[in-house]
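In what follows, a single structure is set out as structure tokens and then discussed.
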Number of protein chains: 2
Amino acid sequence: MSRPEVKRMTQQRRIILEELGKVTSHPTADEVYGMVRVHLPSISLGTVYRDLEAMSGSGLIQKLETCGRQKRFDGNPAPHHHVRCLACGRVGDLQTDTELYIKADFDDPGGYKVTGYRMEYTGLCPDCRRDPLAI
Amino acid sequence: MSRPEVKRMTQQRRIILEELGKVTSHPTADEVYGMVRVHLPSISLGTVYRDLEAMSGSGLIQKLETCGRQKRFDGNPAPHHHVRCLACGRVGDLQTDTELYIKADFDDPGGYKVTGYRMEYTGLCPDCRRDPLAI
DNA sequence: CTCTCAATAGTAATGATTACTGTTACTATT
DNA sequence: AATAGTAACAGTAATCATTACTATTGAGAG
Ligand SMILES: [Mn+2]
Ligand SMILES: [Mn+2]
Ligand SMILES: [Zn+2]
Ligand SMILES: [Zn+2]
């Protein structure tokens with residue numbers, strides 16, 4: 001439960017940040033690895049993981065813990081909502097005007113202190129809409 | 001993306017169901033394995049995984065895909081909300097009266113068809129409230 | 001420019017889950 | 001009751017994402 005932070009802006013971090021800024025696709029660590037390797041062929045996958053973790057800890061990017069197997073990352077650090085495609089796992093941005101007035105910060109009779117919530121919309125991405133395979 | 005279902009109520013499934021009904025703790029597959037082994041020492045962990053998957057597919061139990069590393073299981077198939085402790089990962093039931101009127105089933109300009117949402121409250125469990133270690 | 005230690009590449013290890021494989025045991029039918 | 005068909009089983013190997021380790025490099029403060 002530690003929070004690594006960015007102390008030095010290395011080549012690796014600068015390029016990861018740059019590449020993440022170019023897309024709106026919320027890539028996985030592995031996908032970021034592929035994008036960055038084009039410009040820095042010797043980068044290690046471990047570095048990508050470590051840097052993504054550190055930069056999200058510092059608020060430069062977002063780590064999306066969508067309820068899939070893999071974590072996804074977002075170059076846009078501003079808070080906003082996301083939809084996850086139930087068929088292929090892709091994640092998209094969602095600008096919903098529906099205000100979420102969810103009563104967080106309350107005591108539950110069960111004894112839990114509720115301080116927040118995590119919300120994720122689900123649905124179908126453009127591609128899977130027209131070809132709805134087994135979901 | 002297949003959905004295995006229960007066609008035969010075996011010893012293994014009956015006992016898993018029984019043990020899951022005794023607790024309100026939302027155990028992981030591994031914890032269920034421990035509970036069931038007391039009554040059925042020769043059961044295999046793979047069987048526990050398969051049966052939990054099959055019985056949640058059939059609606060006999062719930063699979064909670066809380067955004068932690070491990071899946072958790074709930075003997076209560078009725079829909080209700082959950083809190084996850086940010087310190088230890090434990091999951092509790094939450095009876096919140098706050099009605100969630102979230103506009104699902106709409107089209108996003110991004111092209112996604114939004115059909116639902118997944119919601120999870122976060123906070124601190126009774127134990128971690130009084131001893132707030134590094135979160 | 002020099003020094004320090006944060007960060008790196010490369011690789012091994014971990015941990016949860018899933019797949020495989022030969023065997024067992026429900027269930028329906030002769 | 002014996003037979004057949006096949007769902008489910010135990011045991012084990014494999015997968016996959018992620019994290020840890022270790023010797024080496026380089027960012028950036030002074
Ligand atoms: Mn986003
Ligand atoms: Mn529950
Ligand atoms: Zn899709
Ligand atoms: Zn706790």
Side-chain angles (χ1 to χ4, degrees), chain A residues 1-19 26-58 60-61 63-73 84 88-91 134, chain B residues 1-17 26-58 60-61 63-73 84 88-91 134:
Chain A
M1 302 268 186
S2 62
R3 272 219 171 180
E5 289 198 16
V6 167
K7 306 221 164 134
R8 293 179 187 173
M9 182 49 60
T10 61
Q11 283 285 308
Q12 290 83 341
R13 287 177 180 169
R14 201 171 40 68
I15 292 175
I16 289 171
L17 206 50
E18 244 171 62
E19 291 303 302
H26 311 91
T28 62
D30 206 66
E31 287 166 349
V32 173
Y33 182 47
M35 290 154 63
V36 169
R37 256 204 301 190
V38 175
H39 302 92
L40 208 63
S42 66
I43 196 172
S44 151
L45 178 58
T47 297
V48 173
Y49 270 102
R50 190 176 348 90
D51 287 354
L52 288 169
E53 193 65 30
M55 292 195 291
S56 64
S58 295
L60 291 169
I61 62 172
K63 174 168 63 173
L64 306 182
E65 302 203 35
T66 56
C67 299
R69 319 181 35 78
Q70 303 172 72
K71 291 168 188 168
R72 290 179 172 272
F73 296 88
R84 180 168 50 91
C88 71
R90 232 174 295 196
V91 172
Chain B
M1 304 270 185
S2 63
R3 275 218 170 179
E5 288 199 16
V6 167
K7 306 223 165 132
R8 291 179 188 172
M9 182 50 60
T10 61
Q11 282 285 308
Q12 289 84 341
R13 289 176 178 168
R14 201 171 40 67
I15 291 175
I16 289 172
L17 207 50
H26 311 91
T28 62
D30 206 67
E31 287 165 350
V32 173
Y33 180 48
M35 291 154 63
V36 170
R37 259 205 298 190
V38 175
H39 303 92
L40 208 63
S42 65
I43 196 171
S44 153
L45 178 57
T47 298
V48 173
Y49 270 103
R50 191 180 344 93
D51 287 353
L52 287 170
E53 192 66 30
M55 290 195 291
S56 63
S58 295
L60 291 168
I61 62 174
K63 175 169 61 172
L64 306 183
E65 303 202 36
T66 56
C67 299
R69 320 183 33 79
Q70 301 172 74
K71 291 167 188 170
R72 290 178 171 275
F73 297 87
R84 179 167 52 91
C88 72
R90 232 173 296 195
V91 171

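Naming: A, B, ... by sequence-line order, numbering from 1 per chain.
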Spell out, as yes or no, whether a donor-acceptor pair under 3.5 Å connects the side chain of A/S44 to the backbone of A/G46.
-> yes
When rounded to whole Å, the CD1 to P distance for the pair A/I43 and C/dA7 reads 14 Å
Check every nucleotide of DNA chain D for an atom under 4.0 Å from a heavy-atom of chain B, then give the first and the last such nucleotide from 5' to 3'.
-> D/dG5 to D/dG11
Search all heavy atoms of B/E53 against all heavy atoms of B/K63 and return the closest pair with its distance.
-> OE2-NZ, 2.7 Å
Value for CG (B/L60) from CG (B/L52), rounded to nearest 0.5 Å, stands at 11.0 Å
Measure from the side-chain N and O atoms of B/R13 to the backbone N and O of B/R8, and report whether any donor-acceptor pair falls under 3.5 Å.
-> yes
Answer with base, sugar-phosphate or nothing: what part of the nucleic acid does A/T28 contact at a heavy-atom distance below 4.0 Å?
-> nothing
Separation between OG1 of A/T28 and CD of A/Q70, rounded to the nearest 0.5 Å = 4.5 Å
How many Å lie between CG on B/L52 and P on C/dT18, as a whole number?
-> 11 Å
Measure distances between side-chain N and O atoms of A/R8 and base N and O atoms of C/dA6, and say whether any donor-acceptor pair falls under 3.5 Å.
-> yes
Per nearest nucleotide of DNA chain D, the residue lying toward the 5' end, B/T47 or A/A29, is B/T47
Please state how far atom NZ in B/K71 lies from atom C1' in C/dT17, giving the value in whole angstrom units.
-> 7 Å
Under 4.0 Å between any heavy atoms, over every strand shown, what does B/R13 touch: base, sugar-phosphate, or nothing? Just pick one.
-> sugar-phosphate
Dot-bracket encoding of pairs in DNA chain C, which uses [ ] for pseudoknotted crossings and | for another strand, Watson-Crick or G-U under 3.5 angstrom | ||||||||||||||||||||||||||||||
Check the distance between C/dA16's C1' and B/Y33's OH and give it to me in whole angstrom.
-> 14 Å
Between P of C/dT24 and CD of B/Q11, the distance in whole Å = 17 Å
Starting at CD of B/Q70 and ending at C1' of C/dT14, how long is that distance when rounded to a whole Å?
-> 13 Å
With heavy atoms under 4.0 Å as the rule, sort A/D30 into base, sugar-phosphate or nothing.
-> nothing
For the pair made of CD in B/E53 and C1' in C/dA19, what is the distance, rounded to whole Å?
-> 14 Å
Nearest heavy-atom neighbours spanning A/H26 and A/V91 | ND1-O, 3.0 Å
For residues B/R50 and B/T47, determine if any side-chain heavy atom of one lies less than 4.5 Å from a side-chain heavy atom of the other.
-> yes
Comparing A/R50 with A/R69, nearest DNA chain C nucleotide closer to 5' gives the residue A/R50
A/R72 and A/E31 have their tightest heavy-atom pair at NH1-OE1, 3.9 Å
Which heavy atom of B/V6 sits nearest a heavy atom of B/S58, and at what distance?
-> N-OG, 2.9 Å
Spacing of A/L45 atom CG relative to C/dA7 atom P, expressed in whole Å = 18 Å
